[in-house]
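Basis for what follows: all heavy atoms, side chains included, without hydrogens, waters or symmetry-related copies. If you're wondering where the values come from, they're calculated on a predicted model, not measured in any experiment.
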Amino acid sequence: MSDRPKVSIVIPLYNEEESLRELHTRIADVCDKENLSREILFVDDGSTDKSLRVLRELREKDSTIRIFSFRRNNGKSAALQTAFSRVRGDFIITMDADLQDDPQEIPALIAKLEEGNDLVSGWKRKRHDPISKTLPSKFFNFVTGFLSGLRLHDFNCGLKGYRREVVENLDVYGELHRFLPVLAHKQGFRVSEIPVQHHARKYGKTKFGIERFLSGFLDLITVIYLTGYLRKPLHLFGSLGLMAILLGLAINVYLVVGWIQRIWIGNRPLLFLGVLLMVVGVQFFSFGLLAEMLTRQEEKSREYSLKLDTDVEKD
Ligand code: UDP
Ligand code: MG
């Protein structure tokens, strides 16, 4: 095997012992048929079944396999990041270990990358999952697309292709694996998608259950933050605050005019509204100002990602 394989296939897995042999055979078949030099990185995310033993067996027969194993379950994002900082291929393909993603799609993903895209995301056009998954997922995709300005049908597909430059620049932690296209898009990488085959889960069970609903809400906040809405807090809170102040001021001026004309204003609900609006407005405004100061500090230390060949001094 040459030092640099063309493609690195990255597979995070957590208790998927039944699927691994079949998955490996199918990946190897596709790569052999297409003459793709490869390495396969399996990241065992603290499995408690026989996954790791199966992987070691597979590696005996296939030297392109590299295994990384966490001592405990750290999550899919951590698994991906671990592989991303170690890949050697020009192109990176990620896929789930449960055979829901089809290795047959690897050549199509690479072709799309070679067209000049930096990240190509799979789109499970015909999805084989229960409605309790597909419905929240539709909502998630819509909101993420709306807030990020990146229109994809399917942000959270396990099957994706990347140029190595992209994964070197990504920092995946927490639950960020759901937003990889957004993160890449924000750094200025070219992101696109292709429809891919999707299969029902054959063995084992999904690792993302009902708690997904809860984390969905928190994810939403993550997207809002990631997509830069909170990078200009004064624009949001300042304008809200100013509007409230002006409205309150108008009401109070109107009441003062009445007071000068000796119209009794102390028992008018409008007075309370006017005062309330002004107080809330000032609070909004100062909150925005504070948030802006905090953001400034953060922005100062922000690193922007550069194109690979631009690190050359020019005079
Ligand atoms: N996975 C992982 N760590 C986890 C949870 C899941 O590495 O903590 C892997 C899992 O083994 C699978 C992939 O991430 O290869 C996608 O998980 P799953 O199939 O359960 O998600 P779903 O397809 O139901 O969205
Ligand atoms: Mg799955």
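- With contacts defined as side-chain heavy-atom distances shorter than 4.5 Å, the pair Gln81/Tyr173 does not qualify.
- Of all heavy-atom pairs spanning Ile131 and Pro136, the tightest one is O-CD, 3.8 Å.
- Asp45 contributes no side-chain N or O that, together with a main-chain N or O of Ala79, makes up a donor-acceptor pair within less than 3.5 Å.
- Between Ala184 and Leu170, the shortest heavy-atom contact is N-CD2, 4.0 Å.
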Verdict with supporting geometry, Phe285 and Leu242, side chain to side chain contact (heavy atoms under 4.5 Å, CB included): CA-CA 7 Å; Phe285 197 87; Leu242 269 183; 3.9 Å; yes
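- Heavy atoms from other residues, nucleotides or ligands lying under 6.0 Å from CZ of Phe189 number more than 12.
- Looking at every heavy atom in both residues, Leu80 comes nearest to His177 through CD1-CB, 3.8 Å.
- A distance-only check finds a donor-acceptor pair linking the side chain of Ser148 to the backbone of Thr144 [under 3.5 Å].
- One distance of note links NZ of Lys33 with CD1 of Ile106; it measures 11.5 Å at 0.5 Å rounding.
- Annotation: cation-pi pair Arg178/Phe208 present, NZ/CZ under 6.0 Å from the ring centroid and within 45° of its normal.
- The shortest distance between side-chain heavy atoms of Ile65 and His24 falls below 4.5 Å.
- A salt bridge links Glu292 with Arg296: at least one charged nitrogen is closer than 4.0 Å to a carboxylate oxygen.
- Two residues are said to be in side-chain contact when any heavy atoms from C-beta on lie closer than 4.5 Å; Ile92 and Val7 fail this criterion.
- Between Ser137 and Arg127, the side chains place a donor N or O and an acceptor N or O closer than 3.5 Å (distance only, hydrogens not considered).
- Gln100 places a side-chain N or O within donor-acceptor distance of the main-chain N or O of His199, the cut-off being under 3.5 Å.
- The shortest non-hydrogen separation linking Leu255 to Ile265 is O-CG2, 3.7 Å.
- There is a path of hydrophobic side-chain contacts, each under 4.5 Å, that joins Leu247 to Val279.
- Glu17 is not listed as a side-chain neighbour of Tyr203, based on a closest heavy-atom distance of 4.5 Å or more.
- Ion pairing between a basic and an acidic side chain is recognised when a charged N comes within 4.0 Å of a carboxylate O; Glu16 and Arg201 show such pairing.
- A salt bridge links Arg26 with Glu22: at least one charged nitrogen is closer than 4.0 Å to a carboxylate oxygen.
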Derivation and outcome, side chain to side chain contact (heavy atoms under 4.5 Å, CB included), residues Ser121 and Asp154: CA-CA 8 Å; Ser121 188; Asp154 189 358; 5.8 Å; no
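- With hydrogens and angles ignored, the 3.5 Å screen pairs no side-chain donor or acceptor of Thr64 with any backbone N or O of Ile40.
- Using modelled atom types, no side-chain atom of Ser19 and backbone atom of Leu99 make a donor-acceptor pair closer than 3.5 Å.
- Of the possible polar contacts, none joining the Ser63 side chain to the Arg59 backbone as a donor-acceptor pair under 3.5 Å is found.
- The residues Asp62 and Arg38 are annotated as salt-bridged, a charged nitrogen and a carboxylate oxygen being separated by less than 4.0 angstrom.
- Phe68 is not listed as a side-chain neighbour of Asp44, based on a closest heavy-atom distance of 4.5 Å or more.
- Side-chain atoms of Ser239 come within 3.5 Å of backbone N or O of Leu236 as a donor-acceptor pair.
- If you check the side chains of Gln197 and Asp101, you find no donor sitting under 3.5 Å from an acceptor.
- Ser47 contributes a side-chain N or O that, together with a main-chain N or O of Asn15, makes up a donor-acceptor pair within less than 3.5 Å.
- Taking the charged nitrogens against the carboxylate oxygens, Lys76 and Asp96 do have a contact shorter than 4.0 Å, which makes a salt bridge.
- Thr295 and Lys232 share no donor-acceptor pair across their side chains, judged by distance under 3.5 Å alone.
- We find that Glu57 and Arg21 are joined by a salt bridge, their nearest charged nitrogen and carboxylate oxygen being less than 4.0 Å apart.
- Glu193 and His153 share a side-chain donor-acceptor pair at under 3.5 Å.
- To the nearest 0.5 Å, the span separating CG on Leu176 from CG on Asp171 amounts to 8.0 Å.
- For Asp90 and Lys6, the salt-bridge test fails: no basic side-chain N is under 4.0 Å from an acidic carboxylate O.
- Defined by atom type and a distance below 3.5 Å, a donor-acceptor pair is missing between the side-chain atoms of His198 and Asp102.
- Applying the ring-ring contact (aromatic ring centres under 6.0 Å, His included) criterion to Phe42, with sequence neighbours excluded, gives no partner residue.
- Residue Glu39 comes nearest to Ser8 through the heavy atom pair OE2-OG, 2.6 Å, listed as atom of the first residue, atom of the second, then distance.
- The salt bridge (charged side-chain N to carboxylate O under 4.0 Å, His left out) search around Glu165 returns none, not counting sequence neighbours.
- The cluster map of Ile, Leu, Val, Met, Phe, Trp and Tyr, joined by side-chain heavy atoms under 4.5 Å apart, puts Ile9 and Phe91 in the same cluster.
- In this structure, Leu23 and Met95 have side chains that are in contact, with non-hydrogen atoms separated by less than 4.5 Å.
- Nearest heavy atoms, Leu20 versus Leu13: CD1-CD1, 4.1 Å.
- No side-chain donor-acceptor contact under 3.5 Å links Gln104 to the backbone of Val30.
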Pair Phe142-Phe155, ring-ring contact (aromatic ring centres under 6.0 Å, His included): steps then yes or no: CA-CA 10 Å; Phe142 174 78; Phe155 283 86; over 10 Å; no
Residue pair Phe84, Tyr162: steps toward the side chain to side chain contact (heavy atoms under 4.5 Å, CB included) verdict: CA-CA 10 Å; Phe84 283 173; Tyr162 309 78; 4.1 Å; yes
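- In this structure, the side chains of Phe284 and Met243 stay at 4.5 Å or more apart for every pair of heavy atoms.
- Although no hydrogens or angles enter the test, the distance criterion places a donor-acceptor pair under 3.5 Å between the side chain of Lys207 and the main chain of Lys205.
- Rounding to the nearest 0.5 Å gives a distance of 14.5 Å between NZ of Lys124 and NZ of Lys126.
- Within 6.0 Å of the CZ atom in Phe287, the count of heavy atoms belonging to other residues, nucleotides or ligands does not exceed 12.
- Hydrophobic clustering places Val10 together with Val191 (ILVMFWY residues linked when any side-chain heavy atoms are closer than 4.5 Å, directly or through intermediates).
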Pair Ile11-Val43, side chain to side chain contact (heavy atoms under 4.5 Å, CB included): steps then yes or no: CA-CA 6 Å; Ile11 302 165; Val43 188; over 6 Å; no
